[in-house]
Amino acid sequence: MAPTRSEAAQELRESRAALLARRDLRGPALRAALTALLDGWLCRLADSAGLGPDSALVAVGGLGRAEPAPYGDLDLVLLHSGRPGLAQQAQRIWYPIWDSGVGLDHSVRTLKEARTVAEQDAKVALGLLDARHVAGASWLTEALVGAAHQVWRARAQAHLPELAEAMRQRQRTAGELAYLLEPDLKQSLGGLRDCVVLHALAAAQLVDEPGLDIRSARTLLLDVRGEVHRRSGRTADRLVQQDQAPIAADLGLGDADELLRAVAGAGRTVRFALETNWRTVEAELALRGRWRSRRRVQRRPLADGVVEYGGEVMLARAAEPAWDAGLLLRAAAAAAAARLPLSPFTVRRLAAETPDLPVPWPDAARDTFVRMLAARHGAVPVLEALDQYGVLTRLLPAWADVRSRPQRNPVHRFTVDRHLVECAAEAAALTREVSRPDLLLLAALLHDIGKGRDGDHSETGEVIATELAERMNLPPGDVDALGRLVRHHLLLPHLATRRDPDDPATVDAVILAVGGSRSVLELLHALSVADARATGPGAWSEWKAALMAGLVDRVRSALSGSARQSAPELPEQARLAARMGRPTITPLDWPGPRPVMPSGRRPTSFAVTGQLLVVAPDTPGLLSRLAGLLAVHGVDVLSATATTEQDKAVNVFTVGPRFGRLPDLELVRTDFHALLAGTFPLQRRLAAAEGST
């Protein structure tokens, strides 16, 4: 006797629950067990529905690929040869699935209908590439699989642009897998959806099938997603922070950082392959569409042994990587300068055949490496290519410790290694402001290299940077300067925002850090700016820039032998307020309402600025907290002076409104006193204020 709808649904719920309760099943073993469970259950449904010899139940999507997620949806096609009366049979299959609580995407089509829809709809065509027989007439499924691949190859030129736009949309909405603290394992760029895209490009016979590195990355992402589903008890693809530590333990990956690092590495591998393959696909489609001239593509020399050919950087015919240790760096520098990608074949050949540079490096190799970094953001994809093929760790062994390492700080938008690359790109824009551009670029690339090891990353980084500087054959004086830059790369923003810049002790601390060198001071200032810009929008502002520049000016004056600038003369009102001993926030120059013109309208160009006197107990970080309080109320700090009077910090802010008018001072005063009492939620209010802009 066939089971009822409710009995069939209950069977699936209980069987799946029992399977997921088995802690010995994880990863591929869990997916294989789920596939067998679902296939067997669907076969029984098809038998009870009376599926005839002229119809077939076909799985697509995750089940079609035999990689179902524990709580994933089912994508099914009921294929038939055209006989009537199939609707009732279909309902006998669909209803128990719905009753079980499993999501269902279904269709009932003839082979001809399936082919027609695939020709018109890229999403359907992509899904049918994963078609797999479950029950019924296997010949129908085989015909569908053949037709799906034939249509995909024939319609690639029409379907792939739509696929590319969907990929760009996912990047805009879900971000990039490698750089997110809570990545969407499926939709983020470099995630499981892109693994399917890579397979589709290969199915169109435009690129090779994904290699072992992509298959390994995909397996890891599937394993992690399976545990995300299992832990949440529902369809979920986002790896949230509270689940990372237990999932890492379940998968034998140590801790949450190791898990996130592995996921980031997998995402980078998938994204790199996707970008590389898309270049090949676009070139092939351009040729098919006669978008390119039929004349022969010329080779354009870029450097000794390096040419451009077909929009990529390749080796010249006469180049001999096995006998030329500097060829790899010349090719990388040429690609960065020309803003062209390195040919994947070229990078693989260079990685396999080029001998390691002698240690210490020849001066020419170091100069070429620096020239690559000087190409600004043109160097970013080149460094990523070198990293993907293991070349970067050959050049800089300590790079392995920071590769794909997450930074659990919402201010940072990148992993440690990508932040270093971005910092070097930002520093390249500042090279004309320093006397030693080469040291600035190297310091930018290495300033956080200590984050890959235990201890204070600035102190550890100094040791590593010094070792790498000696490896690059820098002179002893440059080795010392590079070590100082890495050791003290956080000093200027820290002192400028948390200490009195007019205090001689503040100036002396900077002089000691730079070893009394104006050149190192310039480099440290430029490095601090590049570091902040590369970190993210929350780490940089005009206010912080002004504070750092002011401190650097004071240090420069002290180094030049001129007298230190005296503290600004305080208004008498400020001195009286400080002596009274009470915290206060008082307007020194606060404009009233904008004037009304004879027409009755207020002029939109009327300048609204004001001055605020703030007196409070002198505590570390006070200046930055006060600036944050003003930002919460929609006020931008245009300039600030800070000094001390006895044990009080006396600050005078020149401010302007962010939204056209200055706030009610009574509201500011109320929050000011709460801030000093420690009851004002500054970070939460700042986040809310920034989110509304």
Donor-acceptor pair, side chain of [X] and main chain of [Y], under 3.5 angstrom:
{"X": "Asp448", "Y": "Lys451", "answer": "no"}
{"X": "Ser188", "Y": "Ala174", "answer": "yes"}
{"X": "Ser517", "Y": "Val514", "answer": "no"}
{"X": "Arg238", "Y": "Glu182", "answer": "yes"}
{"X": "Arg366", "Y": "Met472", "answer": "yes"}
{"X": "Gln241", "Y": "Ala256", "answer": "no"}
{"X": "Glu522", "Y": "Val434", "answer": "no"}
{"X": "Ser458", "Y": "His489", "answer": "no"}
{"X": "Gln407", "Y": "Phe414", "answer": "yes"}
{"X": "Asp417", "Y": "Ser404", "answer": "yes"}

What are the two closest heavy atoms between [X] and [Y], and how far apart are they?
{"X": "Pro28", "Y": "Thr219", "result": "CG-CG2, 4.3 Å"}
{"X": "Gly450", "Y": "Ile464", "result": "CA-CD1, 4.0 Å"}
{"X": "Ala316", "Y": "Val307", "result": "CB-CG1, 4.0 Å"}
{"X": "Ile449", "Y": "Ala465", "result": "CG2-N, 4.5 Å"}
{"X": "Val479", "Y": "Leu474", "result": "CG2-O, 3.5 Å"}
{"X": "Thr415", "Y": "Ala264", "result": "CG2-CB, 4.5 Å"}

Would you call [X] and [Y] a side-chain contact if the rule is heavy atoms closer than 4.5 Å?
{"X": "Glu470", "Y": "Pro360", "value": "no"}
{"X": "Arg554", "Y": "Thr506", "value": "no"}
{"X": "Leu547", "Y": "Leu551", "value": "no"}
{"X": "Arg487", "Y": "Glu459", "value": "yes"}
{"X": "Val196", "Y": "His199", "value": "no"}
{"X": "Arg215", "Y": "Leu212", "value": "yes"}
{"X": "Tyr389", "Y": "Leu350", "value": "no"}
{"X": "His457", "Y": "Leu490", "value": "yes"}

[atom1]-[atom2] distance between [X] and [Y], expressed to the nearest 0.5 angstrom:
{"X": "Gln187", "Y": "Arg193", "atom1": "CD", "atom2": "CZ", "value": "4.5 Å"}
{"X": "Leu468", "Y": "Leu482", "atom1": "CG", "atom2": "CG", "value": "8.5 Å"}
{"X": "Trp278", "Y": "Leu201", "atom1": "CH2", "atom2": "CG", "value": "5.5 Å"}
{"X": "Arg279", "Y": "Leu274", "atom1": "CZ", "atom2": "CG", "value": "11.0 Å"}
{"X": "Glu275", "Y": "Asn277", "atom1": "CD", "atom2": "CG", "value": "10.5 Å"}
{"X": "Asp237", "Y": "Leu192", "atom1": "CG", "atom2": "CG", "value": "7.5 Å"}

Q. Only one of Leu527, Leu485, Leu524, Val370 clears side chain to side chain contact (heavy atoms under 4.5 Å, CB included) with Leu440; which?
A. Leu527

(Q) As a quick check of understanding, evaluate side-chain contact (heavy atoms from CB on, under 4.5 Å) for Thr354 and Val391, giving each step before the final call. (A) CA-CA 10 Å; Thr354 305; Val391 174; over 6 Å; no

Q: Could you please spell out the steps behind the side-chain hydrogen bond (donor to acceptor under 3.5 Å, both in side chains) verdict for Arg172 and Gln169?
A: CA-CA 5 Å; Arg172 288 191 291 267; Gln169 179 61 31; 2.7 Å; yes

Q | Pairs satisfying salt bridge (charged side-chain N to carboxylate O under 4.0 Å, His left out), at least one member in residues 370-396, at least two apart | A | Arg268-Glu384, Arg268-Asp387, Asp356-Arg394, Asp387-Arg403

Is any NZ, NE, NH1 or NH2 atom of the basic residue among [X] and [Y] found under 4.0 Å from an Asp or Glu carboxylate oxygen of the other?
{"X": "Glu353", "Y": "Arg349", "value": "yes"}
{"X": "Arg413", "Y": "Glu422", "value": "no"}
{"X": "Arg408", "Y": "Asp257", "value": "yes"}
{"X": "Asp184", "Y": "Lys186", "value": "no"}

Q | Residue list, salt bridge (Lys or Arg N to Asp or Glu O under 4.0 Å) with Asp213, at least two apart or on another chain | A | none

Q | Pairing residues for Arg471 by the side-chain hydrogen bond (donor to acceptor under 3.5 Å, both in side chains) criterion, not counting sequence neighbours | A | none

(Q) Could you go through Val281 and Val207, starting from their C-alpha distance and side-chain angles, then the distance that decides it, and tell me whether this counts as side-chain contact (heavy atoms from CB on, under 4.5 Å)? (A) CA-CA 7 Å; Val281 167; Val207 298; 4.0 Å; yes

**Q.** Derivation of the side-chain contact (heavy atoms from CB on, under 4.5 Å) call for Ser216 and Leu220
**A.** CA-CA 6 Å; Ser216 298; Leu220 173 72; over 6 Å; no

Q. Would you say Glu165 has more than 12 foreign heavy atoms packed within less than 6.0 Å of its CD?
A. yes

(Q) With a 6.0 Å cut-off (strictly less than), is the heavy-atom count around CG of Asp367, excluding the residue itself, greater than 12? (A) yes

Q: Just do the side-chain contact (heavy atoms from CB on, under 4.5 Å) check on Arg518 and Ser560 with the steps written out, would you?
A: CA-CA 9 Å; Arg518 287 174 60 92; Ser560 65; 4.0 Å; yes

What residues, two or more places apart in sequence or in another chain, satisfy ring-ring contact (aromatic ring centres under 6.0 Å, His included) together with [X]?
{"X": "His525", "value": "none"}
{"X": "His488", "value": "none"}
{"X": "His412", "value": "His419"}

